[in-house]
Colleague: 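I'd like to ask some things about the structure below.
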Amino acid sequence: MKHEFKQTEPKWQKRWEEAKAFRTGEDAGKPKFYGLVEFPYPSGAGMHVGHIKAYSGLEVISRKRRMQGYNVLFPMGFDAFGLPTENYAIKHNKHPRIVTDENIAHFTEQLKRVGFSFDWDRVVDTTDHNYYKWTQWIFRKMFDNGLVFRDKTLVNYCPSCKCVLSNEDSQGGKCDICHSDIVQKSKDVWYLRITAYADKMLEGLNEVDFPENIRVQQENWIGRSTGAFVNFKLSGTEETLRIYTTRCDTLFGVTFMVMAPEHPLIDKYSALINNMPEVSAYREECGKKTEFERTQLVKEKTGVRLDGLCAINPVNGKEIPIYISDYVMMGYGTGAIMAVPAHDQRDWEFAKKFGIDIIQVIKGGNIEECAYDGDGEMINSGFLNGCTNKKESIARMLEELEKRGIGEAGVQYKMKDWAFNRQRYWGEPIPIIHCPHCGMVGVPYEELPLLLPEVENFEPGEGGESPLAKIDSFVNCTCPKCGGKAKRETDTMPQWAGSSWYYLRYIDPHNDNELADFEKLKYWLPVDWYNGGMEHVTRHLIYSRFWHRFLYDIGVVPTKEPYAKRTAQGLVLGPDGVKMSKSRGNVVDPLDIIDQYGADTLRVYVLFMGDYGSAAPWSMTSVRGCKKFLERVASLTDMITGTSDKKVVKSLHATVKKVTSDIESMKFNTAIAQMMTFVNEVYACGGIAKDDLFTFITVLNPFAPHLTEEMHEVLGGKGLLSLAAWPEYDESMLAEDTVEIAVQVCGRLRATIELPRDCSKEDAARIIAESGKIAAFTEGKTFVKDIYVPNRIYNIIIK
RNA sequence: GCGGGUAUGGCGGAAUCGGCAGACGCGCCGGAUUUAGGAUCCGGUGGGAGACCGUGCAGGUUCGACCCCUGUUACCCGCACCA
């Protein structure tokens with residue numbers, strides 16, 4: 001037969017749909033497999049070939065597991081709240097609901113055209129009120145459990161999106177949505193206390209199967225450090241300047257203090273500061289800098305001394321000057337540091353520039369040239385003098401600090417609490433009411449979902465207030481506690497809210513009474529295998545692990561961790577080897593490929609193009625190669641013989657074996673290569689028995705389901721091939737009677753020779769000698785020794 | 001600066017344990033078929049005339065190294081004045 005994909009692909013997609021072939025089973029007698037792929041944001045641009053690659057990995061694995069008799073949950077949904085939709089809606093004066101519905105319909109159509117085996121009865125849409133009811137419910141639970149708080153602080157603010165962003169959303173000082181420079185702005189912000197879960201999230205990493213780089217990236221993002229808080233008195237006041245340090249052992253080497261420019265004590269004691277105009281000017285200058293400018297490396301240290309204000313070193317009573325400098329951040333530790341220029345390079349640079357003393361307290365290095373941060377004997381350090389072990393010095397200092405009540409051990413995290421509110425329309429309303437008497441009160445659970453109201457104008461206000469603030473009927477309400485007049489919170493949740501728990505909803509997507517039935521959660525959790533992009537490692541993956549752990553703590557989910565195993569696919573690059581982007585014009589549209597070459601070709605190609613986890617450039621000629629392979633496969637129906645050649649049978653068993661194991665380790669490229677080898681073998685031998693062809697198309701089915709279903713039908717197969725049993729292979733069929741091994745002389749390949757399998761060393765040596773193949777190389781030399789690895793090599797050493 | 005990773009033909013990439021480097025595909029060359037082109041099928045294809053040389057570079061361990069060790073270079077990704 002011919003590979004008539006234009007007819008057969010829609011035909012089989014329709015059959016699968018009618019038969020509900022991929023509906024999730026819950027048969028208790030079978031093992032379960034929950035395969036999860038990151039659900040897409042349904043943008044107006046439609047799908048990208050990158051989506052196809054991202055989903056095809058677990059698609060193949062899920063199809064294979066289904067054929068192996070598992071209950072498979074392989075769902076799909078849409079993460080549909082978000083700014084692009086809202087901006088599109090504003091620009092085209094269309095309601096975001098309508099835009100979202102159109103985009104979801106378009107994405108669904110595209111996904112179906114690829115032939116993915118998702119369970120379409122379980123689709124979730126984060127913007128559906130039946131879904132976001134539970135997003136709000138989880139938020140309320142967090143509120144009840146003290147994980148939600150409001151604080152007026154400096155936040156990352158995107159002037160272009162007119163929106164507050166979390167730390168995770170402003171990495172590198174750029175807005176994650178529009179790539180504008182982030183500015184620091186003082187604002188009232190809702191926070192989720194994710195830092196309270198930092199340790200639990202670190203611990204959890206030990207019980208999941210994440211690749212090393214993902215684990216390390218998460219650890220670094222959480223950024224746990226252990227150290228000490230030390231209290232310095234401000235001379236002439238009762239005030240304490242509290243600092244955090246990881247090197248309390250160097251306390252005797254402190255020669256100045258540095259506070260972040262925004263540090264509140266500066267305002268509090270401005271009356272004592274003689275050069276306040278200069279200080280204010282510096283602070284203003286820092287405020288203007290973007291986060292990016294401020295954190296630029298290789299930057300000269302700047303700062304101003306607080307003239308008139310001094311700190312007292314608690315261990316030796318020395319009076320030390322205080323500076324403000326933007327190399328100290330308000331957001332980490334206490335926003336102030338003790339500076340030890342002898343042993344910290346940043347402090348050293350600052351001291352050199354401002355002519356501050358440098359006191360060495362650890363022997364070693366040359367502090368004239370740079371700070372010394374190595375080990376050595378303690379000097380100039382009172383009771384620590386003579387100690388040579390850093391750990392011990394720290395322990396002894398901590399003991400002293402605690403004994404004298406001037407400090408204590410402490411832990412800090414780089415991860416910050418999650419700035420959770422957005423001043424935009426297209427998101428989940430935050431279910432909180434502000435009551436003048438009772439303060440912040442949660443919207444009662446029975447009133448959830450708190451529906452997103454209709455507005456005329458989706459645009460945020462110039463002052464950075466949410467569009468919802470303009471709707472009096474939404475804003476004005478009564479306090480659920482005291483019944484008095486109150487106002488609703490008008491900000492909405494960030495896009496990451498809905499995606500933090502969607503994998504739970506797939507398990508029980510239509511449940512009106514709870515987020516998901518606990519028994520079902522017990523059956524399906526954890527997600528067995530989660531595949532997605534590397535870009536989500538320090539965002540979605542962190543956030544959802546946090547939410548899951550919280551839900552575990554309040555007894556809503558049965559597992560500590562949501563995902564047992566995580567993998568990541570590599571990017572699909574443009575034909576020019578650069579990341580695909582509209583501006584470069586190197587984007588490949590999956591629908592164009594499907595129209596020209598078929599969905600099966602697309603599926604095979606995205607998995608064949610290279611190592612699944614690595615980036616690889618798109619190649620149109622290679623796409624054609626994959627199409628050619630499928631055409632050769634289709635033609636096998638015209639090559640049926642009574643029995644297969646022995647070589648074909650052997651190659652078939654080898655193929656079943658390799659495809660079976662390669663799929664499990666995501667080595668799809670070599671699995672496909674093996675199938676190509678097999679087809680080449682059939683062509684070389686001129687035919688194949690029907691049963692053997694059935695076996696072959698069964699293992700090819702997860703990759704090219706449409707073509708193989710068609711072949712199965714043409715060959716008279718019954719039922720759907722996609723639901724057939726995965727074939728077994730016979731190891732004994734693979735064993736050869738003879739093997740060809742390499743014959744080396746002094747480690748250099750000189751010949752190859754056919755030997756009986758598992759031949760003894762004596763026999764091997766004799767057969768090789770008798771063959772005379774290496775005589776020319778050993779002639780007249782002295783035998784030293786020989787090395788024989790059965791079925792591999794024979795190496796003879798001579799002199 | 002720190003952390004993680006990569007480096008193999010003209011190209012994408014293979015290579016369980018340290019045991020015949022270059023599977024498979026693309027491209028290219030040749031042949032068959034064809035009025036021709038395309039498509040298809042068959043064969044060839046790391047370099048070198050050769051002895052030989054070949055897995056970023058320089059060493060080391062080993063009978064034997066893409067693989068292990070030391071040093072080094074280039075590139076990619078993440079974080080980045082984190083006290």
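Within every chain, numbering begins at 1; the chains are lettered A, B, ... in the order of the sequence lines, protein sequences first and strands thereafter. Here the structure is a predicted model, which means the values were calculated and not measured.
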Colleague: Looking across every strand, which nucleic acid part, if any, lies under 4.0 Å from A/Y413 by heavy atom: base, sugar-phosphate, or nothing?
Modeller: nothing

Colleague: Side-chain contact, heavy-atom cut-off 4.5 Å: A/I797 with A/I787?
Modeller: yes

Colleague: Rounded to whole Å, how long is the line connecting atom NZ of A/K414 with atom P of B/rG78?
Modeller: 16 Å

Colleague: Does A/V789 reach a base, just sugar-phosphate, or nothing at all? Heavy atoms under 4.0 Å.
Modeller: base

Colleague: Which residue, A/N220 or A/R624, contacts RNA chain B at a nucleotide closer to its 5' end, judged by nearest heavy atom?
Modeller: A/N220

Colleague: Which part of the nucleic acid does A/K667 contact within heavy-atom distance under 4.0 Å: base, sugar-phosphate only, or nothing?
Modeller: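 The answer is sugar-phosphate, as A/K667 gets under 4.0 Å only of primed atoms, P, OP1 or OP2.
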
Colleague: Round to a whole Å and report the spacing from CG of A/N795 to C1' of B/rC63.
Modeller: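 Nearest whole value for this atom pair: 5 Å.
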
Colleague: Is the ring centre of A/F608 less than 6.0 Å from the ring centre of A/F668?
Modeller: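 So the answer is no for these two rings.
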
Colleague: Need the pair for B/rC28. Rule: Watson-Crick or G-U wobble, both distances under 3.5 Å, any strand; none if unpaired.
Modeller: B/rG44

Colleague: Is the base of B/rC17 syn or anti, if syn means a glycosidic angle within 90° of 0?
Modeller: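 In terms of base orientation relative to the sugar, B/rC17 is syn.
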
Colleague: For a quick check of understanding: with a heavy-atom distance under 4.0 Å over all strands, which category does A/A336 fall into, base, sugar-phosphate or nothing?
Modeller: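 It contacts nothing in the nucleic acid.
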
Colleague: In whole angstrom, give me the gap between the C1' atoms of B/rG13 and B/rA21.
Modeller: 13 Å

Colleague: Quick one: A/R224 CZ to B/rG3 P, roughly how many Å, whole number?
Modeller: 20 Å

Colleague: Classify the nucleic acid contact of A/R539 as base, sugar-phosphate or nothing, counting any heavy atom under 4.0 Å across all strands shown.
Modeller: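 No contact.
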
Colleague: Expressed in whole Å, how much space separates the C1' atoms belonging to B/rA74 and B/rA58?
Modeller: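 The answer is 15 Å between these two C1' atoms.
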
Colleague: A/Y683 side chain: which of B/rC41, B/rG25, B/rC81 is closest?
Modeller: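 When the side chain of A/Y683 is considered, B/rC41 is the closest of B/rC41, B/rG25, B/rC81.
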
Colleague: Relative to each other, are the rings of A/H3 and A/F5 parallel, tilted or perpendicular (30° and 60° limits)?
Modeller: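 Tilted: the ring planes of A/H3 and A/F5 meet at 30° to 60°.
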
Colleague: Report the distance from atom CG of A/N669 to atom C1' of B/rC26, rounded to the nearest whole Å.
Modeller: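 Whole-Å distance recorded here is 14 Å.
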
Colleague: Rounded to the nearest 0.5 Å, what's the gap from CG on A/N231 to CG on A/L241? Could you check?
Modeller: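 It comes to 9.0 Å.
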
Colleague: I need the CD-C1' distance between A/Q217 and B/rA80, as an integer number of Å.
Modeller: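 Rounding to the nearest Å, CD of A/Q217 and C1' of B/rA80 are 13 Å apart.
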
Colleague: Please state how far atom CE in A/M675 lies from atom P in B/rC24, giving the value in whole angstrom units.
Modeller: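 Distance, rounded to whole Å: 15 Å.
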
Colleague: Could you please name the partner base of B/rA23, counting Watson-Crick and G-U wobble pairs only when both distances are under 3.5 Å?
Modeller: none

Colleague: Could you check A/S614 against A/R247 and say which one's nearest nucleotide on RNA chain B is further toward the 5' end?
Modeller: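 Nearest nucleotide further toward 5': that of A/S614.
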
Colleague: Nearest-Å distance, CZ (A/R792) to C1' (B/rC67)?
Modeller: 14 Å

Colleague: Once you apply a heavy-atom cut-off of 4.0 Å, does A/N680 come out as touching a base, just sugar-phosphate, or nothing?
Modeller: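 It contacts sugar-phosphate atoms only.
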
Colleague: Partner lookup for B/rC81, please. Criteria are Watson-Crick or G-U wobble with both distances under 3.5 angstrom; report none if nothing qualifies.
Modeller: none

Colleague: Under 4.0 Å between a side-chain N/O of A/R750 and OP1 or OP2 of B/rC52, yes or no?
Modeller: yes

Colleague: Below the 4.0 Å mark, does B/rC26 have OP1 or OP2 next to a side-chain nitrogen or oxygen of A/K628?
Modeller: yes

Colleague: Students often get this wrong, so: under 4.0 angstrom with heavy atoms, is A/Q744 touching a base, only sugar-phosphate, or nothing?
Modeller: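 Base, at least one base atom sits under 4.0 Å.
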
Colleague: Which part of the nucleic acid, if any, lies within contact of A/T677, taking any heavy atom under 4.0 Å across all strands shown: a base, the sugar-phosphate backbone alone, or nothing?
Modeller: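 Result for A/T677 = sugar-phosphate.
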
Colleague: NA contact type, A/G625, heavy-atom cut-off 4.0 Å: base, sugar-phosphate, or nothing?
Modeller: sugar-phosphate

Colleague: Determine, using ring centers only, whether A/Y332 and A/Y413 are less than 6.0 Å apart.
Modeller: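 Not close enough - the centres of the two rings lie 6.0 Å or further apart.
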
Colleague: Does a side-chain N or O from A/Y332 land closer than 4.0 Å to OP1 or OP2 of B/rA83, or not?
Modeller: yes

Colleague: Using the C1' atom as the point on both nucleotides, what is the distance between B/rC17 and B/rC66, in whole Å?
Modeller: 15 Å

Colleague: If you check the A/S622 side chain, which of B/rG12, B/rC26, B/rA83 turns out closest?
Modeller: B/rC26

Colleague: Establish whether the base of B/rC24 is bridged to the side chain of A/Q674 by a donor-acceptor pair shorter than 3.5 Å.
Modeller: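 Looking at the base of B/rC24, it does not pair with any donor or acceptor on the side chain of A/Q674 (distance under 3.5 Å).
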
Colleague: Between A/K647 and A/D645, does any NZ, NE, NH1 or NH2 come within less than 4.0 Å of an OD or OE carboxylate oxygen?
Modeller: no

Colleague: Should we count NZ of A/K781 as having more than 12 external heavy atoms under 6.0 Å?
Modeller: no

Colleague: Applying the Watson-Crick and G-U wobble criteria at under 3.5 Å, what pairs with B/rU72? Answer none if nothing qualifies.
Modeller: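 Paired with B/rU72, as far as the under-3.5 Å criterion goes, is B/rG56.
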
Colleague: Is B/rG9 syn or anti, taking syn as a glycosidic angle within 90° of 0?
Modeller: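 Here the answer is syn: the torsion falls within 90° of 0.
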
Colleague: Before we go on, tell me: are the rings of A/Y543 and A/W418 under 6.0 Å apart, centre to centre?
Modeller: yes

Colleague: Any strand is fair game: report the nucleotide pairing with B/rG9 by Watson-Crick or G-U wobble, both distances under 3.5 Å, or none.
Modeller: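 Base-paired to nothing in any strand shown.
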
Colleague: Which nucleotide, if any, forms a Watson-Crick or G-U wobble pair with B/rG38, using both distances under 3.5 Å?
Modeller: none

Colleague: Over all strands shown, is A/D611 touching base, sugar-phosphate only, or nothing at heavy-atom distances under 4.0 angstrom?
Modeller: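 The residue A/D611 makes sugar-phosphate contact but no base contact.
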
Colleague: How far does the P atom of B/rA65 sit from the matching atom of B/rG47, given to the nearest Å?
Modeller: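 Going atom to atom, P in each nucleotide, I get 23 Å.
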
Colleague: Between atom CG in A/N167 and atom C1' in B/rA80, what is the gap in whole Å?
Modeller: 12 Å

Colleague: How many angstroms lie between CD1 in A/I688 and OH in A/Y683, if you round to the nearest 0.5 Å?
Modeller: 11.0 Å

Colleague: Name the nucleic acid region contacted by A/I787, choosing base, sugar-phosphate or nothing; use a 4.0 angstrom heavy-atom cut-off, strictly under.
Modeller: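 Contact class for A/I787: base.
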
Colleague: What contact category does A/Q412 fall into here, base, sugar-phosphate, or nothing, at under 4.0 angstrom with non-hydrogen atoms?
Modeller: nothing

Colleague: Considering just the side-chain nitrogens and oxygens of A/R632, establish if one lies under 4.0 Å of OP1 or OP2 belonging to B/rG25.
Modeller: no

